[in-house]
Asks: 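Structure incoming, see below.
Residue numbers count from 1 along this sequence.
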Amino acid sequence: MAGRFAGRTAVVTGASRGIGLGIAQRLVDESARVVVTARKQEALDEAVASLGGPEHALGIAGKADDPDHQAETVKRAVETFGSLDFLVNNAGINPIFGPLVDTDLAAVRKIVEVNCVAALSWTQQAHRAWMGEHGGAVVNVGSGTSLRPAPGMGVYGASKAMLTYLTQQLALELGPAVRVNAVAPAVVKTRFAVPLYEGREEEVAAAYPLKRLGVPEDIGSVVAFLLSEEAGWLTGQQLVVDGGVTLTGAG
């Protein structure tokens, strides 16, 4: 499918490494131009170089939940590449682990702010700047933890469940010009997920029918499908990308 995104521009948040960079790489491989964001410019510069340089990618540092950063990124995407056709809300945090009853509420508010409110704000910004007039597609990166209670990860899972609802509501409101979908990965081998499998990868993967953990490319291919015309009659949906683990009740 190389070339199917020629002339299209995507913003991918949280994309200096991991799933976000995997998504950006897949889009570039299919001829999109990408604007990648993360907190550290040095990491973004490395990401841009790996994506083929400034002809293909632009890195803009900032906090995902900062409206000024969002507005600047959207503006520069349009100014640099001429459009903003796709938005991938991938940035997310999970700084805490433990039971809800003991969770610091300031941390809860921050998680919801980054994982949910920021995704809504990015979508608003993209819609106002380009998609409202020209159309486009949005993909939100959720999590398998949103599908059922996850020990120790209740706040993260709840925030991703909220993101699922936002996906559905935005799809209802923004159609037909803008499609909004989501993906819900299980454990993907990234730095973010290392605590979930470090030192016991074979044991964790044994619970998966496909007997392996995910890699960023697994998510990138599904996101590319959701952004493409092949998914042109698909909106408000969340595709679970999990190697089959939710079928076992272990995910």
Asks: Taking the side chain as C-beta and beyond, is there a heavy-atom pair between T9 and W130 under 4.5 Å?
Replies: no
Asks: Please identify each residue that fulfils side chain to side chain contact (heavy atoms under 4.5 Å, CB included) with L58, with sequence neighbours left out.
Replies: V35, I60, R76, T80, F81
Asks: Return the minimal non-hydrogen interatomic distance between A119 and L163, and the atom names on each side.
Replies: CB-CD1, 3.7 Å
Asks: Are F86 and V12 side-chain neighbours, meaning at least one heavy-atom pair lies under 4.5 Å?
Replies: no
Asks: Donor-acceptor pair, distance only, cut-off 3.5 Å: does the side chain of R33 make one with the backbone of R8?
Replies: yes
Asks: Is a side-chain N or O of R26 found less than 3.5 angstrom from the main chain of E217, in a donor-acceptor match?
Replies: no
Asks: Using the rule that two of Ile, Leu, Val, Met, Phe, Trp, Tyr join whenever any of their side-chain heavy atoms come within less than 4.5 Å, decide whether W233 and V138 are in one cluster.
Replies: no
Asks: Is the shortest heavy-atom distance from the side chain of L174 to the side chain of M131 under 4.5 Å?
Replies: no
Asks: Taking only residues two or more places apart in sequence or in another chain, which ones pass salt bridge (charged side-chain N to carboxylate O under 4.0 Å, His left out) with E201?
Replies: K189
Asks: Are L44 and L87 connected in the hydrophobic side-chain network, where two residues link if heavy atoms are under 4.5 Å apart?
Replies: no
Asks: Taking the side chain as everything from C-beta on, heavy atoms only, tell me whether L51 gets closer than 4.5 Å to Q25.
Replies: yes
Asks: Kindly determine whether Q238 and S146 satisfy side-chain contact (heavy atoms from CB on, under 4.5 Å), including the steps that lead there.
Replies: CA-CA 11 Å; Q238 177 168 265; S146 69; 4.0 Å; yes
Asks: How many angstroms lie between OG1 in T235 and CG in L226, if you round to the nearest 0.5 Å?
Replies: 9.5 Å
Asks: Evaluate whether atom CD of Q169 has more than 12 neighbouring non-hydrogen atoms of other residues, nucleotides or ligands under 6.0 angstrom away.
Replies: yes
Asks: Verify, without hydrogens or angle tests, whether Q70 (side chain) and A64 (backbone) share a donor-acceptor contact under 3.5 angstrom.
Replies: yes
Asks: Compare every heavy atom of K40 with every heavy atom of A61, then report the nearest pair and how far apart it is.
Replies: CB-C, 4.1 Å
Asks: OG/S159 to CG/N94 distance, rounded to the nearest 0.5 angstrom?
Replies: 7.5 Å
Asks: Grouping I, L, V, M, F, W and Y whenever their side-chain heavy atoms are under 4.5 Å apart, do V178 and F5 come out in a common cluster?
Replies: no
Asks: Kindly give the heavy-atom pair with the smallest separation between T167 and A182, and that separation in Å.
Replies: OG1-CB, 3.8 Å
Asks: Is there a path of hydrophobic side-chain contacts, each under 4.5 Å between heavy atoms of I, L, V, M, F, W or Y residues, that connects L234 with V222?
Replies: yes
Asks: Using a 4.5 Å cut-off on heavy atoms from C-beta on, say whether the side chain of L227 contacts that of L27.
Replies: yes
Asks: Going from CD on E79 to CG on L84, what distance comes out if it is rounded to the nearest 0.5 angstrom?
Replies: 12.0 Å
Asks: Honestly curious: do F97 and F192 fall in one hydrophobic cluster under the side-chain, below-4.5 Å linking rule?
Replies: yes
Asks: Look at atom CZ of R200 and say whether more than 12 heavy atoms of other residues, nucleotides or ligands are closer to it than 6.0 Å.
Replies: yes
Asks: Is there a side-chain contact between N181 and L239 (heavy atoms, below 4.5 Å)?
Replies: no
Asks: Donor-acceptor check, side chain of S228 to backbone of F225, threshold 3.5 angstrom: yes or no?
Replies: yes
Asks: Does any part of the side chain of I23, heavy atoms only, come nearer than 4.5 Å to the side chain of I19, both counted from C-beta?
Replies: yes
Asks: Check this for me, if you would: do R109 and E113 make a salt bridge, where the nitrogen-to-carboxylate-oxygen distance has to be below 4.0 angstrom?
Replies: no
Asks: Short question: side chain of K160, backbone of V141 - any donor-acceptor pair under 3.5 Å?
Replies: yes
Asks: Where do P99 and T103 come nearest, in terms of heavy atoms and distance?
Replies: O-OG1, 2.9 Å
Asks: To the nearest 0.5 angstrom, please state how far the CG atom of N140 sits from the OG1 atom of T164.
Replies: 8.5 Å
Asks: Check G7 against D85 and note the closest heavy-atom contact, atom names and distance.
Replies: O-OD2, 4.0 Å
Asks: Supply the atom-to-atom distance E133 CD to H127 NE2, rounded to the nearest 0.5 angstrom.
Replies: 10.5 Å
Asks: Who passes side chain to side chain contact (heavy atoms under 4.5 Å, CB included) against K63, sequence neighbours left out?
Replies: D65, D66
Asks: Using the side-chain contact (heavy atoms from CB on, under 4.5 Å) rule, take T123 and L166 through it: C-alpha gap first, then chi angles, then the decisive distance, then the call.
Replies: CA-CA 10 Å; T123 304; L166 289 175; over 6 Å; no
Asks: So do E46 and S16 actually touch side chain to side chain, heavy atoms under 4.5 Å?
Replies: no
Asks: Between N89 and W122, is there a donor-acceptor pair closer than 3.5 Å when you use the side chain of the first and the backbone of the second?
Replies: no
Asks: Nearest 0.5 Å, what's the OG1-NE2 distance between T37 and H69?
Replies: 4.0 Å
Asks: Grab the two heavy atoms, one from R212 and one from D218, that are nearest each other, plus how far apart they are.
Replies: NH1-OD2, 2.8 Å
